[in-house]
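Throughout, residue positions are numbered sequentially from 1 according to the sequence presented. Whatever order the structure lists ligands and atoms in, that order sets their numbers, starting from 1.
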Amino acid sequence: MTIHKAHCLILPYPVQGHVNPMLQFSKRLQSKGVKITIAPTKSFLKNMQDLPTTVSVEAISDGYDDGGRDQAESFVAYTTQFNEVGADTLSQLIQKLTNCRCPVNCIVYDPFLPWAVEVAKNFGLATAAFFTQNCVVDNIYYHVHEGVVKLPPTQVDQEILIPGLSCTIGSSDVPSFVIDPEAERILEMLVNQYSNLDKVDWVLINSVYELEKEVIDWMSKIYPIKTIGPTIPSMYLDKRLQDDKEYGLSMFKPMTNECLNWLNHQPISSVVYVSFGSLVKIEGEQMEELAWGLKNCNRNFLWVVRSNEEPKLPKNLLKELKSTSSNNKGLVVSWCPQLQVLEHESIACFLSHCGWNSTLEAISLGVPMVTMPQWSDQPTNTKLVQNVWEMGVRAKQDDKGIVRRDVIEECINLVMEEEKGKLIRENAKKWKELARNAMDEGGSSDKNIEEFVSKLVTIS
Ligand code: UDP
């Protein structure tokens with residue numbers, strides 16, 4: 001019989017990019033003797049191809065058990081219902097888990113669900129907010145909450161200096177919701193992350209101290225911050241959790257054999273890997289530019305186009321790629337095992353929307369990036385990749401908001417060419433070492449996780 005040191009109930013926001021990091025963090029806690037129960041929503045679990053087998057899974061309700069967010073009339077309707085039904089079903093779940101051998105003593109919650117704090121306090125439980133975005137992004141939302149950053153900026157090109165940040169931030173670098181007048185309600189949710197953050201026992205951030213030292217030191221004066229990332233499977237980092245090879249939770253089925261067989265036939269460091277993650281919808285015109293940019297640069301590419309996006313591909317591209325299979329320039333798949341792809345020796349460069357998970361994966365596997373941010377925190381992540389960590393370049397949009405084929409071609413060439421891309425590639429290798437060390441025994445994130453567990457034990 002396993003004796004657990006403590007029991008954490010993990011409450012993620014029900015989208016893949018938020019659940020995966022919390023699940024990975026859970027595996028780390030579990031390896032240090034903490035019992036884990038993870039509780040996404042019923043609707044989220046319904047859509048999964050597979051479920052995690054290593055931790056206990058329960059569910060709360062967002063009030064839309066059949067279709068989740070897609071079933072709700074609007075974002076506001078969804079959030080309102082989720083707040084009410086979520087809090088009730090969370091209470092019921094805690095009640096149920098109170099009767100188990102090792103009762104819950106801490107809730108690790110996504111701050112998109114700030115109501116979890118009150119529920120936890122009603123049961124006398126400790127609370128840890130888990131931010132899935134990096135600390136620079138968190139800091140920007142914090143300052144919007146405090147009313148210090150007043151955006152949208154009056155001038156489009158205005159550069160602002162935000163306390164705690166070492167570089168200025170322009171309107172093209174801030175998270176899109178900060179300047180998009182139509183995203184008012186989403187911004188409200190993001191800013192609300194701070195509404196009761198002064199009441200929590202820990203603030204955990206899926207990042208690495210060494211990547212964002214200044215801002216983490218600054219924010220640590222306000223909140224009890226601990227960086228605990230990168231939350232990617234251990235076998236791609238420190239290899240201390242032998243069975244931890246994948247996230248174990250996926251909305252889409254990866255075309256693993258097809259991708260790896262194809263990559264195995266490509267020369268070392270020759271392939272551009274292209275993916276825009278699980279949510280982004282690319283406009284038709286942009287898709288066309290991307291296709292031509294990839295074709296024109298005359299390099300091998302592996303491009304993930306989700307099946308709902310496929311109709312936007314130029315009509316004869318797929319046919320053409322198949323018919324020119326003799327030189328095997330490109331492969332388009334609907335989903336791939338991204339970590340296995342990024343680790344493959346044939347990969348030279350990652351053309352990405354710069355979602356935070358993809359960025360952390362590129363950092364952890366030392367792959368230089370070409371970035372095409374679309375929304376949310378992606379512009380800010382891009383700024384860090386290009387100007388702070390200097391491990392990639394941003395492919396810039398024109399006045400119509402489209403990144404043109406020649407810009408895409410130029411950026412890929414810059415990262416891949418012998419001399420021009422040397423520094424970028426060297427930096428990517430440097431950050432890879434640093435990310436691995438952070439998670440390895442005695443590294444900054446490992447120490448923070450150890451400290452978190454030690455404190456949990458004293459309160460259990
Ligand atoms: N991913 C994957 N296969 C793909 C494309 C993406 O496994 O073909 C994974 C990727 O490894 C990452 C996640 O999907 O963990 C995307 O998260 P990110 O935060 O980068 O973007 P989002 O999907 O939230 O926009």
Report yes or no: do Y209 and D217 form a side-chain donor-acceptor pair below 3.5 Å? yes
Taking the minimum heavy-atom distance to atom 14 (O) of ligand 1, which of W335, W356, W375 ranks first? W335
Give the single entry among Q340, Q374, Q338 that approaches atom 10 (C) of ligand 1 most closely by any heavy atom. Q338
Considering only protein heavy atoms, which is closest to [atom], and at what distance to one decimal place?
{"atom": "atom 23 (O) of ligand 1", "answer": "S278 OG, 2.5 Å"}
{"atom": "atom 20 (O) of ligand 1", "answer": "S358 OG, 2.6 Å"}
{"atom": "atom 7 (O) of ligand 1", "answer": "C336 O, 3.4 Å"}
{"atom": "atom 17 (O) of ligand 1", "answer": "N357 CB, 3.5 Å"}

Is the distance between the ring centroids of [X] and [Y] under 6.0 Å?
{"X": "Y141", "Y": "Y194", "answer": "no"}
{"X": "F131", "Y": "F25", "answer": "no"}
{"X": "F177", "Y": "W375", "answer": "yes"}

Is it true that H353 lies under 4.0 Å from ligand 1, counting heavy atoms only? yes
Y247 heavy atom under 4.0 Å from ligand 1: yes
For [X], the ligand 1 atoms whose distance to one of its heavy atoms is below 4.0 Å:
{"X": "V304", "value": "8 (O)"}
{"X": "G277", "value": "23 (O)"}
{"X": "S275", "value": "5 (C)"}

Q340 atom CD: more than 12 heavy-atom contacts under 6.0 Å: yes
Test L9 against every option in I36, L93, I60 by the side-chain contact (heavy atoms from CB on, under 4.5 Å) rule and name the one that passes. L93
Do E361 and ligand 1 have an N or O pair less than 3.5 Å apart? yes
Where the side chain of N357 meets the backbone of G17, is there a donor-acceptor pair that is under 3.5 Å apart? yes
Counting C-beta onward and ignoring hydrogens, is there a side-chain heavy-atom pair between D446 and R28 closer than 4.5 Å? no
